[in-house]
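As the structure is a computational prediction, the values presented were derived from the model and not from experiment.
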Amino acid sequence: QVRLVESGGGSVQAGGSLTLSCAISGGAVSRLSMAWFRQAPGRQHEGVASIYRGGSTTYTDSAKGRFTISQDNVKNTLYLQMNSLNPDDAAVYYCAADLRSRPAPMTAVQALGVYEYSYWGQGTQVTVSS
């Protein structure tokens, strides 16, 4: 059973940066499909960034150029570096994982679709003030 625990959320001013972490147990991050999702109040889960077995990455358009997804295979941890944050980025951020293989190349839905991930963390809150 894969277990995910997020940390690193908090409150920042617009233009600021945060780095989220996701500690993984029960599976090696090098063999997992990993992703970050977020959910703002009244909105559905939105895929932000994904990384497939430490290789190919996919970003939603709003995250491109500002967010970076990465992983540390030794620490078995996933990260999301977020720069130039704005109030639209405020949400609960979730780490997600899946053991299944993915086709190459992946579609955006396969990389960032909610139903493509079987394991989820409890979420960490990100607040951005203007």
_Consider side-chain contact (heavy atoms from CB on, under 4.5 Å). Of T77, V74, N73, which one does V29 pass it with?_
N73
_Taking CD in Q44 as the centre, count heavy atoms belonging to other residues, nucleotides or ligands within less than 6.0 Å. Is the count above 12?_
no
_Is it the case that the side chain of N86 and the backbone of G15 share a donor-acceptor pair, with hydrogens and angles ignored and the cut-off at 3.5 Å?_
no
*asked:* Can you confirm whether the side chains of D98 and S118 place a donor and an acceptor under 3.5 Å from each other?
replied: yes
*Would a 4.5 Å heavy-atom cut-off, applied to side chains only, mark M106 and S56 as touching?*
yes
*asked:* Nearest 0.5 Å, please: how far is CD in Q71 from CG in L78?
replied: 6.5 Å
*Is M34 close to Y117 at the side-chain level, that is, under 4.5 Å between some pair of heavy atoms?*
no
_Atom pair OG (S62) and CG (D89), whose distance is rounded to the nearest 0.5 Å_ = 6.5 Å
_Any non-hydrogen side-chain atom of L99 less than 4.5 Å from a side-chain atom of Y119?_
yes
_4.5 Å side-chain heavy-atom contact, R38 and Y94_ = no
_Is it the case that over 12 heavy atoms from other parts of the model lie below 6.0 angstrom from the CD atom of Q13?_
no
*Decide if atom CZ of R100 counts as having more than 12 heavy atoms of other residues, nucleotides or ligands within a radius under 6.0 Å.*
yes
_Are the side chains of Q81 and F67 in contact, using a 4.5 Å heavy-atom criterion?_
no
*Should T124 and V92 count as side-chain neighbours, where that means a heavy-atom distance under 4.5 Å?*
no
